[in-house]
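All of these numbers come straight from a predicted model, not from anything done at the bench. Reminder, nothing fancy here: chain letters follow the sequence lines and each chain counts from 1.
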There are 2 protein chains.
Amino acid sequence: MAVYSANVSERRQQPPELAISTVIFALRPDADSARPTIWLPLVRRTRQPYRDLWALPGGPLSQEESLQDAARRNLQDTTSLQPSYLEQLYAFGGLDRSPVQRVVSIVYWALVKPDVAALARETENVRWFRADHLGQLAFDHNQIVDYALWRLRNKVEYSSIAYAFLGEKFTLAQVREVYEAVLGKELDPANFRRQLRAATDIEATDEYLQGGRHRPPRLYRYTGSTSPGNGPLG
Amino acid sequence: MAVYSANVSERRQQPPELAISTVIFALRPDADSARPTIWLPLVRRTRQPYRDLWALPGGPLSQEESLQDAARRNLQDTTSLQPSYLEQLYAFGGLDRSPVQRVVSIVYWALVKPDVAALARETENVRWFRADHLGQLAFDHNQIVDYALWRLRNKVEYSSIAYAFLGEKFTLAQVREVYEAVLGKELDPANFRRQLRAATDIEATDEYLQGGRHRPPRLYRYTGSTSPGNGPLG
DNA sequence: GCAAAAGTGTTGCTCATACACCCATGA
DNA sequence: TCATGGGTGTATGAGCAACACTTTTGC
């Protein structure tokens with residue numbers, strides 16, 4: 001990333017650096033309530049500026065990869081995760097984002113499924129945080145995460161993105177829990193299930209989830225487009 | 001922009017170039033029907049690649065300006081226009097956008113009011129085109145315009161962006177014509193006016209537009225936020 | 001049987017559409 | 001007086017929120 005030893009006169013001469021960062025969301029059960037909540041992985045900065053603060057996974061754009069490929073590699077490198085959804089969020093290019101060299105960051109946001117997220121290993125310098133319990137992050141990354149959350153909340157309401165958080169088969173209650181976690185409010189189970197059943201992009205299987213201490217719920221499958229993201233390029 | 005003389009081995013060594021481009025929309029009356037249609041200014045390329053093809057206004061990012069300022073300067077330089085709305089569209093970074101050096105373009109889109117657009121002077125190398133009558137443009141600019149149009153159509157339906165196309169005072173029929181031009185379909189005047197009057201962000205003046213050959217319509221004024229755009233930074 | 005979640009039915013409200021109809025002006 | 005768009009009234013239907021109610025399981 002930025003070179004800390006640069007001074008102001010150097011700064012004026014260098015072209016803006018171009019970096020890719022990624023906000024990665026997954027759902028994990030809350031320790032207390034056991035209900036799903038939004039988590040994301042961050043990396044500890046080992047260099048100045050903002051040394052020892054947590055930051056979004058990111059890095060420079062390599063020569064021979066597209067922006068989206070760079071974001072995907074990014075995910076792979078820092079957390080070994082394969083996203084089920086990946087979309088460009090925004091390009092941040094304010095003058096004072098970094099105290100040293102000017103950096104323009106093209107930020108992506110991603111969703112990962114719980115089985116994939118479970119594989120992610122935490123290390124000294126990679127840790128998962130609850131999205132609503134972040135401390136102060138490096139650079140403008142708090143702002144970026146807030147914006148990504150805003151986009152997630154919007155998108156969950158008018159698209160089928162919620163299934164990117166779930167495995168192949170799921171109960172309607174699990175879908176509802178995704179919505180409740182993202183929107184931060186409880187939804188009427190009866191009305192919610194009707195809305196889902198009216199949607200054309202899920203279908204009932206003839207399997208039921210056993211093991212609860214109540215009537216076993218039916219399992220459903222997502223039948224809509226499985227493309228991991230969208231944008232102007234299709 | 002890109003340096004045409006670069007060869008492949010040079011290309012691999014240079015970092016990706018960072019450029020800003022802007023899609024500028026204005027409404028102009030169609031010559032035949034006299035109804036408003038969407039137009040945008042393009043600039044003729046005077047250098048390779050894509051010499052003599054039309055392209056979006058754009059240029060490199062200067063050292064000491066934010067992305068949005070660069071887009072605004074861009075508008076000013078090529079068309080002398082002040083936008084009434086300006087928002088980031090997308091960052092395009094595919095490997096083969098330019099046949100020479102790799103270019104990452106951060107694209108903005110803008111709306112201008114008719115009085116402002118009327119001031120724009122056409123020159124040998126700057127001309128306005130109907131958005132639905134563009135020929136082949138340079139680079140991937142057809143794709144970019146299509147995406148900008150898609151965003152415009154979406155945004156007009158859930159935000160108050162339409163007023164950015166209009167002057168200070170306007171009739172409800174003029175607002176309807178904006179929607180019809182953008183959405184490409186006719187709307188019921190009676191129902192449309194009810195929807196607008198239910199909205200809180202316009203208010204009636206006590207003036208009427210004289211000069212038509214029918215009952216003079218009342219003029220209204222937009223009272224909502226006048227901020228020329230939005231994004232994660234507020 | 002009882003608790004708990006799955007799943008269904010019903011009612012009432014809000015809002016969009018369709019369209020009939022009246023109003024005010026210029027020619 | 002007629003044509004034209006401005007402007008109002010109203011019936012119909014779709015969709016959603018609220019909530020009562022039935023079903024099926026584990027204990």
Rounded interatomic separation in angstrom, taking CG from B/L209 and C1' from C/dA24: 14 Å
DNA chain D: 5'-proximal contact among A/R215 and A/N191 (nearest heavy atom): A/N191
Phosphate OP1/OP2 of C/dT17 contacted by B/Q195 side-chain N/O (<4.0 Å): yes
Contact nearer the 5' end of DNA chain C, comparing B/G211 with A/A190: A/A190
Spacing of A/L187 atom CG relative to D/dC16 atom P, expressed in whole Å: 13 Å
Ionic contact status for B/E186 with B/R176, cut-off 4.0 Å: no
Spacing between A/Y208 atom OH and C/dG7 atom C1', to the nearest angstrom: 11 Å
Whole angstrom value for the distance that separates C1' of C/dA6 from CD of A/Q210: 13 Å
Parallel, tilted or perpendicular, as decided by the 30° and 60° cut-offs, for the rings of A/F25 and A/W109: perpendicular
Position toward the 5' end of DNA chain C (nearest nucleotide), B/P216 or A/H214: A/H214
Residue-phosphate contact under 4.0 Å: B/R194 side-chain N/O, D/dG9 OP1/OP2: no
Atom-pair distance (CG on A/D188; P on C/dG9), nearest Å: 16 Å
Length of the line joining A/L196:CG and C/dG7:P, which is rounded to integer Å: 12 Å
NZ or CZ of B/R45 within 45° of B/W54 ring axis and under 6.0 Å: no
Distance in angstrom units between A/L172 CG and D/dT23 P, rounded: 20 Å
Gap between atoms CZ and C1', on A/R193 and D/dA17 respectively (whole Å): 17 Å
Plane angle bin for B/Y147 and B/F92 - parallel if under 30°, tilted between 30 and 60°, otherwise perpendicular: perpendicular
Phosphate contact (D/dC27 OP1 or OP2) by A/R213 side-chain N/O below 4.0 Å: no
With B/W39 via ring pair (Phe, Tyr, Trp, His ring centres under 6.0 Å) - residues at least two apart: none
